[in-house]
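Before any comments, here is the structure.
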Amino acid sequence: MTRKTYAEALIDALVEFAGEEKKFAIIGRGILGHGAQAHLVEPLMEKFGDRVTDPPTSEGAVASLGIGAAMAGTRIFAHFGTASFTMEAVNQIIHEAGVAHSMSGGQIKVPIVFHMFHGLRRGGSGQHSLSPQSMFANNPGLHLMMPTTPGDVKGMLRTALKSDTPTLFIDHAALLGTEGEVPDGPFEIPLGEAAIRREGDDVTIVATSRAVHWAEAAADQLAGDGIDAEVVDPRSVVPLDTETILKSIRKTGRLVCVEEGYQMCSIGSEIAALAAEQVFKSLKAPVARVARPPAPVPFSPPLEEAMMPGPGKIVAAVKAVMA
Amino acid sequence: MTAPPAPGDRAALFQCMVLMRRFEEEVLRVARDHPYVGRQHLHIGHEATGAGVVSALSPDDLFHTNHRNHGYLIARGADPGRALAEIMGRKDGLNGGRGGPWHLCDRSAGFQSTSAMVGGSVGLAVGAGFGLKTQGSKAISVTHFGDGTLDEGICYEALNLASLLALPVLFLCENNAKEGQRPSSMLAAKVLHDVPDALQIRSLVVDGPDADAVAAPAAYEDDHIRDGSGPVFLQADLERWPGSHQTKPEFPTGVTDLTLAWEEDRIQGPHAEWVRDHDGLRAYAKKLVADGTLSEDQVLEIDRDVLAGIEEARAFAEASPYPDPSGLLDNVFA
Ligand SMILES: Cc1ncc(C[n+]2csc(CCOP(=O)(O)OP(=O)(O)O)c2C)c(N)n1
Ligand SMILES: [Mg+2]
């Protein structure tokens, strides 16, 4: 184990994988964004700069470049920057990558990772703040992973890179600078394996990506009020570890879902539906969802703040279901 | 609100350029004083192109701008105080604080879209051209975008449609791709206008920092567009201002000193070459003094007036409160 930033762990996974897989290419620059961690991409560029293609601002063609190459047998990590920019490539991701394996009767494989930064980023306004996870998850044939910690990003990215199924790997730029223990050497975190971030008996909070950290902060605060919250991080949204989530709800009898996306047809909506379908009788209170209010993200700081499903809103939602 | 410069009024064109420059310099100060306003795409160094085109067009024409939008808004008469307030996310901002610096919008000044999705404005401008044509309007649709925008597929589809339907659209390409920093476009075509040429769109190239050179053909081509002959692609070649992609608020070329227009030996520093050879504002001041349109004193007086207005604009913006979060869902649906 070594203490590292999330950004370093992400690059480690790429460097390790490039070292062992010759048929592997990276498309995109600025894999670590434009912030304080941007330079940490250096070890990758030094060792495997020749594998990295710097494309024009052509997201649709970049997606096709990667998907076609993956079909032809080169494993691909394609970086799109802000998740908003993948909207230029939605057709290629959903209608080409997502359907190819099934529509070809299992003949074609598309080993590609679509990497992007989702979410509120301060000042992103209505066109640079997208959290597209639930709209992607709404389509078949695509795995969807959202890591939360430095250790997880390394193990999950390796799993995604080795997978023959196209994988949306949705990061949050605000996580890049966070630190944690990271296992040395290559390892994989299996798909569909949730992590219990904190154990508790009173209420289950299911959160994804950066919202996991907000949920943990809320749980700390709730502990002071005598409420014992369990925080579950699905880590992969497709496939979803329903067993771990439902087991927790059976134990606590209460469910609060938290995410940065919009509430309509959200990940939380899916988990709430699962709870209603499968553990209805265990529920002691109505389910609550904490998500973005249904407005385009405004620029003004206090308005953007009001969009965030932060710890305060989570605490309020938990107290409401505990009442 | 100052009216856009009238065609042929070179002193007004110069004043407009000074306003555009001083506004952007104030935006840098705002970004320094309020770090939350974040990364800025300033229009410094593009004033001659922006003001030149604006002066040639009619106030009814519809504009579609991109992330580098401030200069166009200001040149077409958007209120600098409300524009600064928007950049600061305030209640009295042009967009009520919803848009911020990348999305300034003023419909009363003829702006329909300020999209920060690269290529967004190009597609919409073609649509506006279609709308205007179906309405039998005499107005035209304008979009300004960078060289890098031609990296995006939508441009090819939109240019093709505009040509096929002979739509009244002026495609203004601010070509600041020049080497030195990382070029902002990656095109296999060596000459940008090869792209519209292949699609049978009339194209011409102008020297972006030369305000007269931009204004004259813009006005001339305007007739071509307005009489129904179809779109025009105007490529303005510019040398990227050294601060154009800065992540920190700083003045790499220093706060503009218009006396350098006639005291050239005082031009110094690491970016002296840009100031001497590529700053269209300095060049126009020099030219107008040389041909007797303005005296040195008049140039400085225009600058002082503009600066006084900018100071007022800043005070207005600073005094404006943040919008109330209770209005978060306002205007989501029309
Ligand atoms: C669809 C999309 N992809 C990427 C970006 C990120 N981006 C913002 S500005 C820019 C460069 C645009 O270059 P150009 O059109 O030449 O304009 P310039 O900034 O040089 O004036 C890019 C790639 C974006 N805003 N939208
Ligand atoms: Mg450019």
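First the proteins, then the strands, lettered A, B, ... as listed; each starts at 1.
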query: Between S121(B) and T65(B), is any side-chain donor less than 3.5 angstrom from a side-chain acceptor?
result: no
message: Is it true that E8(A) and T5(A) share a donor-acceptor pair across their side chains at a distance under 3.5 Å?
response: yes
Greatest number of heavy atom pairs closer than 4.5 Å to chain B - which of [options]:
options	value
E304(A), E305(A), R122(A), E59(A)	E59(A)
P293(A), S84(A), P294(A)	P294(A)
P301(A), G60(A), G126(A), P296(A)	P301(A)
S300(A), A306(A), P55(A), P302(A)	S300(A)

message: Taking every non-hydrogen pair under 4.5 Å, which of G96(B), G153(B), S115(B), G120(B) racks up the most with chain A?
response: S115(B)
message: I'd like to know which of G148(B), G99(B), S185(B) tops the heavy-atom pair count under 4.5 Å against chain A.
response: G99(B)
F85(A) and H128(A) aromatic ring geometry - parallel, tilted or perpendicular at 30°/60° bounds: perpendicular
- prompt: By a 4.5 Å heavy-atom criterion (distance strictly below it), what part of N331(B) contacts chain A: side chain, backbone, both, or neither?
  reply: neither
- prompt: How many angstroms lie between CH2 in W102(B) and CZ in F299(A), if you round to the nearest 0.5 Å?
  reply: 9.0 Å
- prompt: Within the side chain of D79(B), is there an N or O that forms a donor-acceptor pair under 3.5 Å with the backbone of R82(B)?
  reply: yes
query: Under the 3.5 angstrom rule, does the side chain of D151(B) hit a backbone N or O of T57(A) as a donor-acceptor pair?
result: yes
